[in-house]
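Worksheet: the structure to be examined is printed underneath.
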Amino acid sequence: MSAPAMILPRQAVATSAAGPAPAQPFRLAAGGLVDRTATLDFTFDGRRYTGHPGDTLASALLANGVRLVGRSFKYHRPRGILSSGPEEPNALVELRSGARREPNTRATMAELFAGLEARSQNRWPSLRFDLMGVNQLVAPILAAGFYYKTFMWPAAFWETVYEPLIRRAAGLGRAAGEPDPDHYEKATLHCDVLVTGAGPAGLMAALAAARAGARVVLCEEDVRLGGRLLAERRTLDGLPAPDWLRGVEAELRAMPDCRILTRTTVFGAFDGACGAVERVSDHLATPPEFQPRQRLWRIVAGRQVLAAGSIERPLVFGGNDRPGIMLAGAVRSYLNRFGVAAGRRAVVFTNNDDAACTVADLAAAGVAVAALVDMRREVSPEIRRIAEAAGASLLTDAAVTRVRGRTALRGVEVTDGAGRRHALDCDLLAMSGGWSPSLHLASHHGGKAAWNEARATFLPPEQLPPGMAVAGAANGDLLLAECLAAGARAGAAAAQATGFRPAPPATPSVDGESTASAPFWWVRGGRGKAFVDFQNDVGVEDVALANREGFRSVEHLKRYTTLGMATDQGKTSNANGVALLAELSGRTIAGTGTTTFRPPYTPVAIGALAGHHRGKAFRPVRRTPTHDWAAEQGAVFVEAGPWLRAQYFPRPGESDWLETVTREARTVREAVGLCDVTTLGKIDIQGPDAATFLERVYINTWKALPVGRARYGVMLREDGMVMDDGTTARLAEDRFVMTTTTVNAVRVSQHLEFCHQWLWPELDVQMISVTEQWAQIAVAGPRSRAVLERVVDAPFDIGNDAFPHMACAALTVCGGIKARLFRLSFSGEMAYEIAVPARFGDALARRLMEAGAPFGITPYGTEALGVLRIEKGHVAGNELTGQTTAADLGLGRMMSRKKDFIGRAMAQRPGLTDPARPVLVGLRPVDRAARLRGGAHLLPRGAESTAAHDQGYLTSVAFSPALGHWIGLGLLVRGRERMGEIVRAHDPVRGGDLEVEVVPPVFVDPEGARLHV
Amino acid sequence: MSDTALAARSPLAGLLRPGRQGARGDLPGVVVQERTGLQIVSLAARKGQEVPLMAAVRAAWGIDLPTTPRRVGDARLAFVWSGPSQWLAVATDWPGDLEAALRAHLGGLGSLTDQGDGRVVLRVRGPHARDALAKGMAIDLHPRAFQPGDVAATLAAHIGVQIWQLDEAPTYEMAAFRSTAGSLCDWIVAASAEYGVEIVEPG
Amino acid sequence: MRIACPFCGPRGSEEYTYLGDATVRRPEGDAPSEAWFAYVYLRDNPAGRHRELWYHGAGCRSWLVVERDMRSHDILSVAPARDMALARGRAA
Amino acid sequence: MLAEKYSIVSVVAQALRGQRGWKPVWREPEPRAEYDVVIVGGGGHGLATAWYLASQHGITSVAVLEKGYLGSGNVGRNTTIVRSNYLLPGNIPFYEHSLKLWEGLERDINYNAMVSQRGVLNLFHSDAQRDAYARRGNAMRLHGVDAELLDRDAVRRLYPFFDYDNARFPIQGGLLQPRGGTVRHDAVAWGYARAADRRGVDLIQNCEVTGIRVEGGRAVGVETGRGVIRARKIGLACAGNSSRVAAMAGLRLPIESHVLQAFVSEGIKPLVDGVVTFGAGHFYMSQSDKGGLVFGGDIDGYNSYAQRGNLPVVEDVCEGGMALMPGIGRLRLLRQWGGLMDMSMDGSPIIDRTPVEGLYLNAGWCYGGFKATPASGWCFAHLIARDAPHPVATAFRLDRFATGHLIDEKGAGAQPNLH
């Protein structure tokens, strides 16, 4: 058995903040798993200290005699370190500084590194003199839920006075307020068996499964494997625990398909995957180059073994929150793992046998133990022997009824069963109320933890997440021998279930122990506030008040008192709270039940959950084939869904975007322009039934469309509203290419597949997206043909007769490049869309610019595209809102009466055919100099500005270069009957209100003559 | 009245420069290369024509069209399963027009669509290729689960990709829509940085 | 949630798009409006087993009929929608 | 009448007595054999309905039946936002009525539910989105509701720590409703419960309805785990489970149950003053008085009765959060949970009679249920008491799907998971 050295250096604590860091007065001279050959400097609240590699911030603070580390949430009571693990409710600090400042970090989980900066939080001006501590004086008022009963008068004071005060007082640490400079990543890991927790049960499970050949992932939140074995003086197979652990770790690491992830917390059991977070670089001042700070793992496992251990429960008694009062198991952790004595003179207070180990270990380390205070009337001879050997007086049927000290414990008063009071000086009180299984992940699928009366603890639910088994202390097995055996069994079973043939490993032999305990939950009649939930300052009186007021459901208790809602999510308080409520309300604990454990098991950095996807990498960018060319032309780009498109192409001397866009649109009307329209969805539809298929998805007819011609089509959703529109061309008897709007491309594709695979599988039709295959460029304007003639290979004739409006053809351009030419127009001018394989898109744009130079060609962007289409009254995304029918948009006559199509039936409902529905109209300002704004509502002239007179709104607006004033499209109630009427465009959110005239939606060339030249 | 043919432009032009990035060291953990010289044609069986279509492919090129997510063929011509009764024919340095060649042998049995310009294809190999890919792809690439010849259509960092494994190095090829080439490369380079990544000349 | 695509194998739900109830059937074109209303709008929405349509959009682009338990998210069966639709057509 | 009036006076007086004088805030009565009105569902809407039946219509022979504990549904698991920034005329007056009731809630029920009008800001990232929000803001103003359209600089002044310079989808501005805000959600349930109880309403917990008795086309009572309870009128206010309960009376509804997740971070000192919705991803958030960032995103997207969500949506929401506020990377997600949404086929609710006489339906709240709580209770009580819809809820008809008079704010159509 390895015994830590007995000598505790006696040394005064140095005090100067500027001077050299003091030595570590509470560090044992030897023992533990810290590296005393190296010293790490760190600061807490600006004061310098030292620790060693292997320390946590908590162990290093204790080594330096720092007891007061934080203030509680509500009463700002002084608090010290309670635990040595993830359950820590008190010792929360702000770690690091500047953009890396991270609030609410548990000192017990923060590995020490050189230069670590930590600060206490939620105090002002300092930790020792916290003015908010005044809350303790008015604590009787600040009982659970007091805020629901007051702050109601005067009403205006809530937001202006009361709430700002509460908000400032609440909260814990401070967020950085600057972008996080570190990066994060996410990855997926597949395995046969996931083992959560590398304590004795988890290690045996991993061994059993890995030896059978299964792919194993072993996750351990600590930096080392071993779990409680690291904190205890135990022997396995005759070896001290650290030596045994080394052997097991070496074997696991040697197996190629066993992956060990340390510093990795499995935080959630979701459907089909667990979430885990690996703290890759948190133990360093800054992440190494090319390393993330943290990595999110999604672990997909065939089976999983939860071996997360257990958490010790505090005892509930008056003053149980004083710095210096600590969990008994944590005291052993600090002694045995970190070589730190958490005090110089201790009292141990317990309801169980396990805490006697703390007596033995303290004594072995040379710490005086004044007394072992056991709540039980009878204790075993072994316990008596341990107390005697340690020189501790044994007080049975006894409890701590009073504590002394404010920012640090100075002594306790114990009352025994006979009512005798014993005043004991001590600076450390180690307490143990028994152990609660860490079963959180086991109930993440909704199964409720079940109370086990015999073991006086909650156990994992019967209904576990699929594929999960629970082993060891997480399953309520507290004896080491049980943990080892259960782990081996669970690992073997998991391997077997995933198709392997395990031979369960032999369980190591261990020394004997006892974990007998008796259920005592709280000490009645003590002095001072007795806390159940330390961080949220929920005491026995708060639970009693909740019970008194009828908040007797355990969920009501939680929500009313905030018990279990702090950053530790009740890890040390839930069982005590439930037991207390049960006792106060006269119910059993089983009948009282427990709250639901929700992910995450411990808090997870939001950055890790986002990973790579932040900033510009938030979502992928789609770039058009002409992107670089457009950039060279000085284009300003705009986000169009996932795409980046050229919005406009400013030229030197142009004062603003409007001038540029006006020039671009005018050039198209008067000469020629080119615009990349690749982003429109393109779907290749083939097969003998292709035309039949189109008949069913579009409202208009397709069978008669000749090869070499295109047609405008509209498709509805099944509820009768317009889904999308676009032009579809017939390339062959059995082949069409459909275009969709940019934003709906994916949705339409999915819809077509649905129609084909689910509704009409009998049709012989195949479809695939070709959006990306073709770079498609619109060449529009009266000189467009002249430009194209210089590009299209001879002898193809693009004259108006040979290639009229709505013609399409496959041909070659630029000396043999295969291409598709469509004579389509969104602008109302004679126009073409030319498509070439995407790799040639960039060069085609350049060639078209050269060819068009003599004609004054300009590139134009999405803005001018919008101007041109508004001038022509073509609908686009602003009108295809999913709230409009074909009739609303003036497309009602396209709806064939001779066939069924998607949406036909529901489009006939009264609500969709109501003649009072708003319909598409054109609008122009009466004052031609006035500017229209999209989103302005349309009201009758002279009517009051109320909802009763709301008759529609402006969907799209543009400055029309052709007309020299602003124009708009809008949806207006009975609009087609109101041509010439003056209405108001009412835009109170931008302070606008002007008169507009209702006109037909086509502003330019209503006869369409320019299309056919 | 045009004359010279147009210059082709890679979807990664200006976005992926050859050279070493990320962690330094002797050998890069990941090597990334843009594939060139490819022709890709999608093939979908006409209704009820799967059997004759497979026979025709076998007769013409001696390849059994895969009916599961596999890639069958060789570097010159391979068929990559891409959905039920759907494949991508992928050819390298194919003389002439692949679509025309396929049409000549398969006309009427399947619908053919040229896709060669619609995709960017990256070759990703190296001892840490799996680790890097796992940072964006949720599929299992462990040799027990995914082997040379295996194919998957899935997501990589929110981008739709089709991936197939060529050898046990391991070497993978990953095809994605051309427009996403920049984001795809940004991701794979970032994911590979900790292992050291070598961008090699397209080929 | 992992759905075992009959073609691609098990994949996370993020690869799929959900549509909903697979038990409703599109009426014939001349069906009464009540039938259309029921098809488009009314749902059993059971708190138990349910058949529903999912689209493997990031994979093989197959529509699937997934039988799933709404209380536990357990997936009981997955089949290609097209096969089921063809079988339904033959049965009708 | 058990509970005394709440005020600073009573709190101090009780403090002097060690808080020992408080009485239960509600009784725990045994159900009677018959009531005038039985409300199924002891959540926010059911409790509010009971309170307004009693306070506005003098109907106090009322039982609220709750299968779990009071407030165990979505009133206790939402992200606490209240607002009336709707687009369509069917919705705006209703939600504005609700906001007005929120504004007077504390005095009405003598309970501090911490109604905090901190402002609700919806960000936009494109010209089209700006115009869509202008359309919405103008619609609100026409209904007498407050709305302001802010440009990028104005947003930046309010929230300087958003990503303005390196964003994939740059922020261009936002639509602000200053009167929107947050309310302490559990307190709403408790406050209504206490107030209703004081008027004699029986609140019966752990009483699951297992059947609805229909005799001659008329609903006459409910079967429960605690026996049959007869009623002249039965109101269903059990969103999340509406389909299940309505099926007991033979009804099929235009509703699917979906899961929506919510999240809270560890507590921090004040950072985010109001409620903000990101317009280029699925993310919205506010900061609670306790200090946690309370946030959420989109529904998981598939039917569910499991009250828990999955990791892809957790990631999606956090990606949105980091895209908007790159400074929250080191804050930690503390807790994540799921609620069951009654997702209706047009994204709007139903408050109406049903084809079964005496059976009234309050359902289909999607994720808008919490903010609607007071008006929902107000209008449902009106409907039950007077057998006629309240003027601000006339559009929420059950037959609107058949007639096509839809209230589809998003234009997403008959697909609940897109609303």
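Below, chain A is the first sequence line, B the second, and so on; all start at residue 1.
Aromatic ring orientation, A:F754 versus A:H751: parallel (interplanar angle below 30°, classes split at 30° and 60°). Between C:W36 and C:Y39, the ring planes lie perpendicular to each other; the angle is over 60°, past the 30° to 60° tilted range.
The side-chain contact (heavy atoms from CB on, under 4.5 Å) test with A:T740 is passed by exactly one of A:L680, A:V746, A:I683: A:I683.
Residue with the most contacts toward chain C among A:A905, A:P465, A:S749: A:A905 (heavy-atom pairs, distance under 4.5 Å). Of the listed residues (C:H73, C:M84, C:E28), the greatest number of heavy-atom pairs within a distance under 4.5 Å of chain A belongs to C:H73. When each of C:I75, C:L53, C:T17, C:D30 is checked for heavy-atom pairs under 4.5 Å with chain A, C:L53 comes out on top. Put simply, of A:M906, A:K899, A:Q750, A:Q908, the one with the most heavy-atom pairs under 4.5 Å next to chain C is A:Q750. Chain C forms more heavy-atom pairs under 4.5 Å with one residue of A:R909, A:E762, A:H445 than with any other, namely A:R909.
Contact annotation for C:D74: only side-chain heavy atoms (C-beta onward) come within less than 4.5 Å of a heavy atom of chain A. For C:I3, no part lies near chain A; criterion is any non-hydrogen pair under 4.5 Å.
A salt bridge does not link A:K703 to A:E695: none of the charged nitrogens lies less than 4.0 Å from a carboxylate oxygen. A salt bridge between A:D684 and A:R735 is present, with a side-chain N of the basic residue lying under 4.0 Å from a carboxylate O of the acidic one. Ion pair A:D900/C:R26 flagged as a salt bridge, since at least one NZ, NE, NH1 or NH2 atom sits closer than 4.0 Å to an Asp/Glu carboxylate oxygen.
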